[in-house]
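The structure appears below as structure tokens.
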Protein chains: 2
Amino acid sequence: MKIEDKLLKNKVKPTAMRLLVLRKLMERNSAIGLTELENLFDKVDRTTLYRTLKTFEKNKLIHSIDDGTGMTKYALCLEGCECNPEDLHVHFHCNNCKETFCVTDTGIPLVQLPMNFKLEEINMVIKGICSSCK
Amino acid sequence: MKIEDKLLKNKVKPTAMRLLVLRKLMERNSAIGLTELENLFDKVDRTTLYRTLKTFEKNKLIHSIDDGTGMTKYALCLEGCECNPEDLHVHFHCNNCKETFCVTDTGIPLVQLPMNFKLEEINMVIKGICSSCK
DNA sequence: AAACCGGTGCAATAGAGTTGCAAAGTTTTA
DNA sequence: TAAAACTTTGCAACTCTATTGCACCGGTTT
Ligand SMILES: [Mn+2]
Ligand SMILES: [Mn+2]
Ligand SMILES: [Zn+2]
Ligand SMILES: [Zn+2]
């Protein structure tokens, strides 16, 4: 699918900046943080990138990931993702290359909570060594 | 066990400050953040508390928790905890009262990782409504 | 008594995230 | 087509947590 169409499909007006950012995101197979994204460009404004990511997130183009590094990461949503609980998945953070990946092929396992605790969301991050660093 | 003995057992010199802090931690059933801890006292220095917590953590008296709120929380380790992978457990964060709890009665479930990914640690945080807020 | 040392207090800094505001660009309306 | 209205972008300022440097203090060892 063309990049522009992807934006339109999610009701995001395809500005020049947004096309550039979405392209960068699509070129990756790992999640990316704001500062990292900023460094992929020669000269962009951090705030604009920040707001671009927020817009993408609001429109379910990407989801944010808290991998425990202190920097929020973002990764493309899968086709048709609504960011509902059932779309949640595990994330993997490589302690060597520091990349963070979505592990979408298997869901998050259930956990027995204490009596009268009600689950709403889960964040599960596994750290270790990725296949490229093995 | 007396508070002082608990410190000694973990090779932490029992200063006045440390006794105070450990007492506060033991009075709680939920994890606590630095700023929160600071507010439990009339007048203490934040840095001292910070270093006290770091010392406790290094000596396996407490473990730190990244519950995704942006503030590192700390909770007492169970008797004999060595903070090894097998001591890891799920944490629960209540979206209503904002308290974070250790869920120590059940381990973290296993997850099937992609080929050649090696697991080293896991952080699993469940958010929802706790029993007190139900 | 002097040197030593861990612990404490205060000030300063780092780094990520976020907001306010005005300029620039687009779209809608008259 | 020109004005009005709305959206996007750029810059500066600010918040908040974590962290560090350094001097001081009190107890212990030489
Ligand atoms: Mn993901
Ligand atoms: Mn815990
Ligand atoms: Zn790696
Ligand atoms: Zn609660």
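First the proteins, then the strands, lettered A, B, ... as listed; each starts at 1. The shown structure was predicted, so the numbers you read here are calculated from the model rather than taken from an experiment.
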Q) Could you give the CG-to-P distance, from Asp45(B) to dC22(D), as a whole number of Å? A) 17 Å
**Q.** Gap between atom CD1 of Ile62(B) and atom CD of Glu57(B) - 0.5 Å precision
**A.** 6.0 Å
Q. Across the strands shown, which category fits Thr15(B) at heavy-atom distances under 4.0 angstrom: base, sugar-phosphate, nothing?
A. sugar-phosphate
Q) Which distance, rounded to the nearest 0.5 Å, do you find between the OG1 of Thr106(A) and the CD of Gln112(B)? A) 7.0 Å
Q | Under-4.0 Å side-chain N/O to phosphate OP1/OP2 contact, Thr72(B) with dA18(D) | A | yes
Q | Residue pair Glu121(B), Asn95(A): steps toward the side-chain hydrogen bond (donor to acceptor under 3.5 Å, both in side chains) verdict | A | CA-CA 10 Å; Glu121(B) 332 149 44; Asn95(A) 284 328; 3.3 Å; yes
Q | Between C1' of dA18(D) and CG of Asp66(B), the distance in whole Å | A | 13 Å
Q: Rounded to the nearest angstrom, tell me the gap between atom CZ in Arg18(A) and atom C1' in dG10(D).
A: 15 Å
Q: Specify the separation, in whole Å, of atom CZ of Arg46(B) and atom P of dT20(D).
A: 14 Å
Q. Reading DNA chain C 5' to 3', which nucleotide is the first, and which the last, to come under 4.0 Å of any heavy atom in chain B?
A. dG6(C) to dA11(C)
(Q) Main chain of Lys54(A), side chain of Arg51(A): is a donor-acceptor contact present, judged purely on distance under 3.5 Å? (A) no
Q: Take atom CG of Leu20(A) and atom P of dT8(D), then tell me their distance rounded to the nearest Å.
A: 16 Å
Q: Using atom CG of Leu7(A) as one end and atom P of dT7(D) as the other, report the distance to the nearest whole Å.
A: 17 Å
Q | Of residues 48-61 of chain A, the positions that come close to DNA chain C - non-hydrogen atoms, cut-off under 4.0 Å | A | Tyr50(A), Arg51(A), Lys54(A)
Q | Phe117(B) and Phe92(A) aromatic ring geometry - parallel, tilted or perpendicular at 30°/60° bounds | A | perpendicular
Q. Which residue, Ile126(A), Val111(A), Val90(A), forms the side chain to side chain contact (heavy atoms under 4.5 Å, CB included) with Met124(B)?
A. Val111(A)
Q: To the nearest 0.5 Å, tell me how far Leu61(A) CG sits from Asn10(A) CG.
A: 4.5 Å
Q. Salt-bridged, Lys24(A) to Glu36(A), with N to O below 4.0 Å?
A. no
Q. What are the two closest non-hydrogen atoms of Asp66(B) and Asn123(B), and how far apart are they?
A. O-ND2, 3.3 Å
